[in-house]
Protein chains: 2
Amino acid sequence: MSNTQIEPSVDRRAQILDAAMICFAKRGFHQASMHDISAEAGISVGLIYRYFENKEDVISAMADRHKKQIHDLLERARQAPTLLESLEILFTAHCCENAPQIQSAFVVDLYAEASRNPRLANLVRDILETAMQGVTDLIARSPEAQHAPQNLTPRQLAELIFAVSRGMLMRDILETERDPTERRERQLRVVRRLWRLLFKPETEPAYA
Amino acid sequence: MSNTQIEPSVDRRAQILDAAMICFAKRGFHQASMHDISAEAGISVGLIYRYFENKEDVISAMADRHKKQIHDLLERARQAPTLLESLEILFTAHCCENAPQIQSAFVVDLYAEASRNPRLANLVRDILETAMQGVTDLIARSPEAQHAPQNLTPRQLAELIFAVSRGMLMRDILETERDPTERRERQLRVVRRLWRLLFKPETEPAYA
DNA sequence: CGAAGATGAATGAACGTTCATTCATTGTCA
DNA sequence: TGACAATGAATGAACGTTCATTCATCTTCG
């Protein structure tokens with residue numbers, strides 16, 4: 001029963017961050033209390049302060065971890081055989097990764113917080129820039145992208161793709177949709193539509 | 001100096017909401033205190049409670065007001081002579097309306113809050129649906145939209161446009177850009193690019 | 001006068017943070 | 001080996017602060 005015996009030194013930081021993620025998604029950064037987090041993690045309040053300086057430190061540690069997750073995601077996207085598949089990976093990550101639909105709420109909270117916290121804003125900007133550059137390269141290398149319409153540069157295409165991705169993420173928040181797979185499907189429909197629009201050389205069927 | 005003398009019966013509710021908007025954008029819904037708001041409005045704390053039941057009531061009154069503003073915006077967009085101009089109006093509203101760049105932060109906060117408050121989520125969904133329907137109609141009526149690529153329906157086009165719009169709004173938050181007009185320019189470049197992509201019948205110049 | 005508008009000190013709950021204390025584990029040494 | 005010392009992870013009550021909300025009081029004005 002006790003995981004202390006099985007795992008001699010649980011990764012407390014990760015445990016706390018997992019709990020914090022749940023609490024933050026459920027109540028928001030500033031409404032979730034340290035007591036909520038400690039209860040969710042099944043530890044005492046004081047212990048959190050052994051691993052984190054204060055609440056803000058917990059928040060930025062979560063942002064750091066998010067950065068690493070995005071990095072991994074980008075790596076996975078890079079290894080997909082086609083650009084479309086890369087985009088599918090990037091677009092659907094937040095609705096089926098470890099967490100269910102918690103991610104979306106967290107990311108929007110992160111941006112909201114970034115609008116007031118310059119340190120966090122820098123971090124988020126940094127994450128975004130890395131990811132954007134990654135996708136830009138992905139596009140530049142892709143054979144599919146050679147006939148992009150309107151002479152859009154890879155960078156411009158990436159910007160557009162990210163804008164849509166963020167926009168869909170916000171939309172996701174409003175959906176109290178039952179199934180996670182349903183979210184995923186909706187998300188996929190949008191990526192594919194966008195991909196066709198950006199990279200498929202105008203294959204309009206005959207009628208109208 | 002005092003506007004109480006100039007205006008015999010100030011619209012207190014509006015005055016409080018204006019102050020709240022500034023405070024919420026500056027500190028967020030839950031970090032902005034009622035004292036902050038009263039100070040910003042130049043009135044006492046207690047007076048707020050004469051016009052609003054509680055803090056949550058202030059927040060949802062702001063959402064209601066936002067709904068009306070979106071309504072007006074849509075009306076203005078409807079009266080533009082071309083679809084492109086309508087879209088330009090819709091895309092740039094949040095960076096040059098009454099408030100400077102406060103709007104973006106407020107809207108992202110609103111979504112973040114909606115992810116936890118079902119009442120607010122319904123309101124935001126409702127606003128979005130109305131606006132979306134308005135733009136869908138705008139597109140359906142527009143002659144420019146007749147040669148949309150990939151047989152996208154007006155609704156699908158509107159969804160895409162709104163996704164990009166929301167995405168740009170989030171991006172706006174990360175920009176500590178100096179000039180409001182600069183924001184506006186960047187925003188306009190994106191709308192136009194999107195418009196060309198969605199509605200301009202592939203006018204690729206000769207080379208490449 | 002009296003009703004409505006407006007004030008801000010008072011209240012109590014909730015919060016982030018601290019720290020004296022506990023106690024299972026590990027190390028030491030005869 | 002077994003008794004004892006040392007460690008530091010973990011606890012949770014307590015502290016000082018902040019906050020939303022209330023209300024007794026004062027002002028304004030017809």
Under 3.5 Å, is there a donor-acceptor pair linking the side chains of A/Q15 and A/D11?
no

Can you find a pair of side-chain heavy atoms, one from B/L84 and one from B/F199, that are under 4.5 Å apart?
no

Rounded to whole Å, CZ of B/F29 lies from C1' of D/dA20 at a distance of 17 Å

Would you say B/M34 and B/Y49 make side-chain contact, with heavy atoms under 4.5 Å?
yes

Rounded distance in Å - CD1 (A/I48) to P (C/dT18)
13 Å

Between B/R171 and A/E159, does any NZ, NE, NH1 or NH2 come within less than 4.0 Å of an OD or OE carboxylate oxygen?
yes

Can B/Q187 and B/R184 be counted as having a side-chain donor-acceptor contact under 3.5 angstrom?
no

Between atom CD in A/Q31 and atom P in C/dG16, what is the gap in whole Å?
11 Å

Rounded off to whole Å, could you give me the CD-to-C1' distance for the B/Q15 and C/dA6 pair?
12 Å

Is B/R186 salt-bridged to B/E182, going by a charged N under 4.0 Å from an acidic O?
no

Output yes when a side-chain donor or acceptor of A/D36 lies under 3.5 Å from a complementary backbone atom of A/S33, and no otherwise.
yes

Verify the contact: side-chain N or O of A/R50 to OP1 or OP2 of D/dT11, cut-off strictly under 4.0 Å; return yes or no.
no

Ignoring the backbone of A/K55, work out which of D/dT11, D/dT21, C/dT17 is nearest its side chain.
C/dT17

Where the side chain of B/S33 is concerned, which of D/dA20, C/dC15, D/dA9 is the nearest nucleotide?
D/dA20

B/R12 CZ to C/dT7 C1', in whole Å, measures 12 Å

Can you tell me how far the CD atom of A/E56 sits from the CZ atom of A/F29, to the nearest 0.5 Å?
11.0 Å

Check: A/I161 main-chain N/O paired with A/S165 side-chain donor or acceptor under 3.5 Å:
no

Rounded to whole Å, please give me the gap between CG in B/L47 and C1' in C/dT7.
8 Å

If you find the nucleotide of DNA chain C closest to A/G46 and the one closest to A/R27, which residue's nucleotide is nearer the 5' end?
A/R27

Contact list please: residues 35-44 of chain A against DNA chain C, heavy atoms, distance less than 4.0 Å, in numerical order.
A/H35

OP1 or OP2 of C/dC19 under 4.0 Å from side-chain N/O of A/Y49
no

Choosing from D/dA9, C/dG16, D/dA20, which nucleotide comes nearest the side chain of A/Y51?
D/dA9

Expressed in angstrom and rounded to an integer, what is the separation of A/I59 atom CD1 from C/dG16 atom C1'?
12 Å

Between the first and last five pairs of the helix from C/dC1-D/dG30 to C/dA30-D/dT1, the angle of the axes, rounded to 10 degrees
10°

Whole Å only: how far is the CD1 atom of B/I16 from the C1' atom of C/dT7?
13 Å

